[in-house]
Amino acid sequence: GAGVSQSPSNKVTEKGKDVELRCDPISGHTALYWYRQSLGQGLEFLIYFQGNSAPDKSGLPSDRFSAERTGGSVSTLTIQRTQQEDSAVYLCASSLTGVFTDTQYFGPGTRLTVL
Amino acid sequence: KQEVTQIPAALSVPEGENLVLNCSFTDSAIYNLQWFRQDPGKGLTSLLLIQSSQREQTSGRLNASLDKSSGRSTLYIAASQPGDSATYLCAVIIGGNKLVFGAGTILRVKS
């Protein structure tokens with residue numbers, strides 16, 4: 001079946017604007033993860049969903065960042081009042097059950113550029 | 001705080017050579033360790049996942065080992081090919097199912 005998909009693939013925005021990034025996990029996967037990959041910080045965990053709940057939000061860098069998941073499927077990561085330091089590639093991953101033995105499968109990412 | 005280090009940062013080898021990528025982590029309390037490859041402009045592809053109770057995993061020309069007590073893992077690539085050129089990332093799973101990544105090794109295999 002289809003893998004993890006993300007949209008848009010590229011997003012350019014002006015400082016101060018809000019952006020929404022979308023992730024469609026593999027069908028049937030109950031666990032969903034957001035990561036961020038930036039030049040200075042490498043790949044960092046942001047948030048983990050099990051179903052529609054987020055038991056671990058510890059990686060969200062500030063209260064400008066939020067995420068939700070509906071219907072146990074699609075997830076949206078929202079960044080309010082974007083700053084230049086938010087520029088990065090945002091990666092989404094899903095796994096079958098969220099148990100640590102499961103492989104996480106990654107989408108192609110959304111490249112966000114804040115001017 | 002768990003930290004993952006990968007050595008070398010970059011590696012260039014001629015086609016056909018066997019090579020080893022190294023990964024170390026500071027806290028041995030991991031659930032598993034995963035090796036990924038990342039091609040430019042693309043997401044991550046999982047290569048091998050080693051559970052904390054395992055010592056190694058093999059897939060084709062790839063072999064990954066795990067020494068949890070010493071906090072080390074190696075990825076061995078046999079008979080390297082130009083198509084193996086990519087960035088290789090090591091990540092450990094810690095509590096909460098989050099992956100903690102190393103900075104990666106950029107591999108270039110020359111034909």
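Each chain gets a letter, A, B and so on, in the order its sequence line appears, and its residues count up from 1.
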**OP:** Please state whether the side chain, the backbone, both or neither of L43(A) comes within less than 4.5 Å of a heavy atom of chain B.
**Re:** both
Original post:
Where does Q104(A) contact chain B at under 4.5 Å (heavy atoms): side chain, backbone, both or neither?
Top reply: both
Subject >> Trace of the salt bridge (charged side-chain N to carboxylate O under 4.0 Å, His left out) decision for D18(A) with R64(A) >> reply: CA-CA 9 Å; D18(A) 298 351; R64(A) 296 187 295 104; over 6 Å; no
**OP:** Report whether L47(B) and V13(B) are members of the same hydrophobic cluster (ILVMFWY, side-chain heavy atoms less than 4.5 Å apart, transitive linking).
**Re:** yes
Subject >> F101(B) vs F45(A), ring pair (Phe, Tyr, Trp, His ring centres under 6.0 Å): CA-CA, chis, key distance, verdict >> reply: CA-CA 9 Å; F101(B) 284 86; F45(A) 167 85; over 10 Å; no
Original post:
Does T87(B) reach the main-chain N or O of G104(B) with its side chain, forming a donor-acceptor pair under 3.5 Å?
Top reply: no
Subject >> Best-contacting candidate, E44(A), Q50(A), Q37(A), against chain B by heavy atom pairs under 4.5 angstrom >> reply: Q37(A)
Original post:
Given that the side chain runs from C-beta out, which part of L44(B) has a heavy atom under 4.5 Å from chain A: side chain, backbone, both or neither?
Top reply: both
Subject >> Proximity of Y35(A) and F106(A) rings by center, below 6.0 Å >> reply: yes
Original post:
Top residue by heavy-atom pair count (under 4.5 Å) with chain A, among L89(B), D39(B), L99(B), N32(B)?
Top reply: L99(B)
